[in-house]
Amino acid sequence: MNLATQIRSGLQNQGLPSPSLSWIQSAMPTRNPLPPLPALTATVKTRFLATDLTHPGLLEAPGPTFPPNPANPEVKEIHLPQDVLVQVLDIDNLSKSKWEQVEELEAIARGEQTRGREIIRLPTGNEEDEGFGDAQSVAASERPTATTSSRGGGSAAAAHATSASKSSTHRLVLQDCTGQKIYGLELKRIERIGVGTLNIGEKLLLKRGATVARGTVLLEPTTCSILGGKVEAWNKAWMEGRLARLREAVGADNRN
Amino acid sequence: MSILKARRVASNTHIHTLALITSRLYIQTCRFKSTSKSTSKSASTMKVLCVAEKPSIAKAVAGHLSGGQVQAHNTPEKFIKNYVFDYDFGRPWGNCQVTMTSVLGHITSAVFPPQYKKWDYPPPEHLFDAPVQIITSEDKKKVAENIEKQARFANALCIWTDCDREGEHIGFEICEAAKKGNRTLDIKRARFSNIERAHILNASRNLISLDHKQVNAVASRIELDLRIGYAFTRFLTTNLRTLGGPFEKLILSYGSCQFPTLGFVVDRYFRVRNFKPEQFWSIKVMHKREGINVNFGWARNRLFDRASVVVLYERCLTAKKAKVTKVQEKPTKKLKPLPLTTVEMQKMATIFLRMTGQQAMEAAESLYNKGFISYPRTETDRFDSGMNLRALVQKQTTSQSWGDFAQNLVNGGFQQPREGRHDDKAHPPIHPITYVAPSALNENEKKVYEFVVRRFLACCSEDAKGVSTDVDILYGEESFHAHGVVVLERNYLEVYIYDKWTGTVQLPKFVVGEQFEPEEALMTEGKTSPPNYLTEADLIALMDANGIGTDATMAEHIQKIQERDYVRTVPRTARSDDDEEVVENAPATRGGRGGRGRGGRGGATRSTGRGGGVKEFIPTQLGVALIEGFDRMNFETSLGKPFLRKEMELKMKAICEGRSTKEIVLNESIEQYRHVYVQSQQKLAVLKAACREYVFQNSG
């Protein structure tokens with residue numbers, strides 16, 4: 001128990017909300033002897049960020065949540081009275097038409113992508129530069145560390161992260177630990193938010209004072225911090241179903 | 001025995017004396033001719049055979065070298081004349097007796113032996129390793145014989161074919177023909193890129209060797225085209241014949257450039273057809289000041305979600321006042337064009353001259369053959385700093401249309417042209433060599449000549465100059481932007497009538513930090529519209545970017561797929577897309593020449609040149625069926641995609657640069673295409689299904 005408390009305060013020191021002690025206990029590795037505390041804390045943090053927020057007993061009793069009925073469009077503007085931890089359920093780039101995204105995805109599926117007018121062939125598996133694997137797995141890959149590598153060198157990863165330009169505006173579906181859902185709209189550009197770079201199940205901390213306008217949280221770097229993580233199963237399903245969802249949304253029949 | 005021997009000796013001496021006499025006679029004539037020269041040459045005056053790629057060049061070069069002292073002899077080939085004259089090549093050949101003649105393009109062709117004549121047997125895949133014979137083409141026999149015969153009298157051979165890969169190979173064919181008559185020829189090549197006198201004389205005194213790497217690259221290309229073209233054409237034709245209907249009598253020609261070209265057209269066709277329009281919303285702000293309506297565009301341009309825009313719009317209105325965050329007035333310019341390459345010329349011709357790329361190339365070719373413009377096949381978009389461009393400008397001062405402009409350049413307005421990044425190391429950018437009156441040219445030549453000259457003068461002129469004003473405002477949390485341009489000096493635009501740059505209204509005064517209540521803030525909506533079908537300019541650009549064909553052959557491939565009835569061109573129908581026009585992305589200006597960067601050069605530069613008379617490429621059902629058929633076979637390298645051909649093109653380049661050899665390239669490429677062939681055979685049913693679906697319109 002003592003150890004769990006230590007881990008919890010370790011997490012708190014990193015600015016994370018507190019998971020319940022019992023959950024920490026359950027998330028600890030069963031290895032014996034246990035690794036040293038910093039490693040242990042890191043492990044628990046990773047598991048925490050990878051867990052569904054609505055998992056009962058994850059957080060300590062009065063978990064930070066939205067005020068009631070947060071998505072009410074009748075309310076012109078309120079500010080969050082406290083920090084709220086949320087997870088990402090969906091992401092949409094509002095600056096691009098759905099059809100444009102469909103065309104991009106289909107090009108990637110064919111193993112092509114265009115750069116200007118040139119059609120580029122993407123490396124398909126067992127190429128010399130390892131780590132890229134085939135197109136699909138890259139598309140669904142881990143978030144590229146730091147900024148996606150610049151276009152030099154024909155890096156497939158760069159070609160893939162459906163690049164969100166500086167002026168893109170994204171809309172997220174966010175969920176708090178009680179299961180309440182709300183839209184989050186990028187009022188000011190936040191670098192990490194992008195299709196393919198922000199994971200489904202990734203955790204965000206909406207800070208006290210963040211604006212909710214007409215039932216939509218307005219996201220700005222000052223009131224929204226991205227904690228990381230993802231729920232693997234959700235993210236995978238989201239990636240795999242993306243093309244079909246986009247096609248359906250624009251009313252194109254799904255062939256394949 | 002002995003008598004016989006004695007006789008031979010006797011006759012030998014006889015011949016010897018005869019030879020002495022003729023040479024002496026010859027010395028006399030030489031002396032007579034070159035009385036002004038200080039030393040007379042030794043008895044053995046070199047005889048040089050010069051061969052150009054086409055008669056017009058032979059005639060022009062002979063004219064320049066001989067200075068007019070020339071005798072023209074007819075040959076068995078009625079288009080070709082042999083020009084005989086004396087000329088001093090300088091070291092090492094010195095003063096020579098020259099015969100200048102020409103060929104008519106390639107004189108040999110690659111063919112399969114007669115046992116491969118039949119289409120169904122041996123099976124087409126055997127053509128991947130069947131022997132290939134190089135023979136003198138039936139219609140070029142007289143041409144080749146003339147070379148062979150003339151070579152017998154010559155000591156040296158000088159090649160004057162056009163300086164590009166194809167020309168290099170023709171040069172090699174000439175060598176081979178000449179060697180049949182004389183195996184001991186000293187062989188040189190002249191390097192030139194136009195037929196202006198000084199340039200030709202200079203070339204003749206700086207002879208180089210034939211570049212066998214380029215020859216090998218072309219030889220590889222010829223062999224691959226033959227094998228691949230024949231194998232797939234026979235495969236398609238015989239296999240699809242069984243479908244009956246129109247296929248029964250159709251020859252389905254395959255070419256490794258044509259198919260990817262067709263692929264681009266089909267790809268765009270489906271992009272247009274499958275397109276799904278979507279609604280988007282935006283916010284527009286207008287403010288009136290000093291009697292001017294200033295329109296501010298939204299920094300987000302547009303969003304594809306109404307509710308989100310409503311939220312943002314409401315917050316703008318709530319804020320009431322907008323605050324000026326940035327005011328910037330700075331000089332701006334519209335860059336003059338880059339020196340002219342072949343691809344650019346073809347694109348421009350299809351947009352502005354109402355010609356096909358092919359017609360433009362033909363006209364340019366003819367202008368070059370007559371000596372009016374430089375060689376029209378070039379990738380170079382920078383002039384060598386050593387070229388005397390002012391002198392070329394000077395020649396244009398006599399023109400009624402652009403003479404004054406040229407005169408102004410001569411009088412001090414001249415500016416060195418911009419330098420592009422491409423240099424094929426063989427030819428300068430396309431430019432006028434001399435002035436020619438329009439009345440001496442036919443319609444197409446006239447248009448192309450005018451374009452080449454105007455482009456050249458524009459290059460030697462100055463960028464157009466103006467001043468741009470940018471005003472940024474923050475309205476609530478949203479940013480908006482207004483942009484204004486005033487054109488101050490038109491400069492190159494005066495002569496280059498193909499570019500447009502019209503200023504917008506001058507923006508009234510705004511001060512950073514000031515606040516105002518915008519007169520109007522509207523939430524607008526619009527709908528996305530499908531892309532256009534490809535124009536020839538688009539198609540050329542796509543081929544260029546994807547390495548399909550060379551700049552010189554692109555137009556031919558485009559022509560071919562029309563002749564095969566794989567695609568048709570139709571006039572662009574005026575679509576009512578004005579009302580669906582996408583909200584202009586405020587800060588990013590388009591149209592700035594060579595402007596990949598969006599760095600906001602330029603200003604309001606929307607080209608208005610498009611529209612009327614533009615033709616669009618639409619595939620026929622047959623064209624769609626073929627490309628879809630191959631695409632649906634789903635193998636890595638569909639023949640309808642540019643990758644295989646691009647690779648081949650890169651391999652040709654590798655041969656030219658000494659990084660690969662003909663043997664390696666042939667092996668690799670043949671294996672690749674053989675692989676595709678085998679796969680196509682296995683998935684023939686897919687291709688047939690596509691044909692049934694699109695040509696007979698019954699799916700399944």
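Lettering follows sequence order; numbering is per chain, from 1.
Other residues, nucleotides and ligands contribute at most 12 non-hydrogen atoms within 6.0 Å of the OH atom of A/Y183. The local environment of NE2 in A/H79 is crowded, with over 12 non-hydrogen atoms from other residues, nucleotides or ligands closer than 6.0 Å. Within 6.0 Å of NZ in B/K323 there are 12 or fewer heavy atoms belonging to other residues, nucleotides or ligands.
Here the CZ atom belonging to A/R189 is positioned 10.5 Å from the CZ atom belonging to B/R300, to the nearest 0.5 angstrom. Atom CZ of B/F280 and atom CG of A/L94 lie 14.0 Å apart (nearest 0.5 Å). Atom CG of B/L312 and atom OG1 of A/T169 lie 7.5 Å apart (nearest 0.5 Å). Distance check, rounded to the nearest 0.5 Å: NE2 of A/H170 to OG of B/S308 gives 12.5 Å. B/D305 CG to A/K98 NZ: the interatomic distance, rounded to the nearest 0.5 Å, is 7.0 Å.
B/A299 approaches A/S167 most closely through the heavy-atom pair O-CB, 4.5 Å.
With a 4.5 Å cut-off on non-hydrogen atoms, B/F264 touches chain A through its side chain but not through its backbone. Contact of A/L187 with chain B is made through backbone and side chain together, with heavy-atom distances under 4.5 Å. For A/E103, the part lying under 4.5 angstrom from a heavy atom of chain B is the side chain only. B/E478 touches chain A through its side chain: at least one heavy atom from C-beta onward sits under 4.5 Å away, while N, CA, C and O do not.
Looking only at side-chain heavy atoms (C-beta outward), B/L303 and A/S95 come within less than 4.5 Å of each other. Side-chain contact check for A/K76 versus B/T318: some heavy-atom pair is nearer than 4.5 Å. Looking at heavy atoms from C-beta onward, B/N274 lies in side-chain contact with A/W99 at the 4.5 angstrom threshold.
Side-chain polar atoms of B/K276 and A/S97 form no donor-acceptor pair below 3.5 angstrom.
With sequence neighbours excluded, the residues forming a side chain to side chain contact (heavy atoms under 4.5 Å, CB included) with A/A213 are A/L218, B/V311, B/R315, listed by chain and number.
Under a 3.5 Å cut-off, the side chain of B/E278 and the backbone N or O of A/V250 do not form any donor-acceptor pair.
Residue with the most contacts toward chain B among A/E100, A/R171, A/E220, A/K188: A/R171 (heavy-atom pairs, distance under 4.5 Å).
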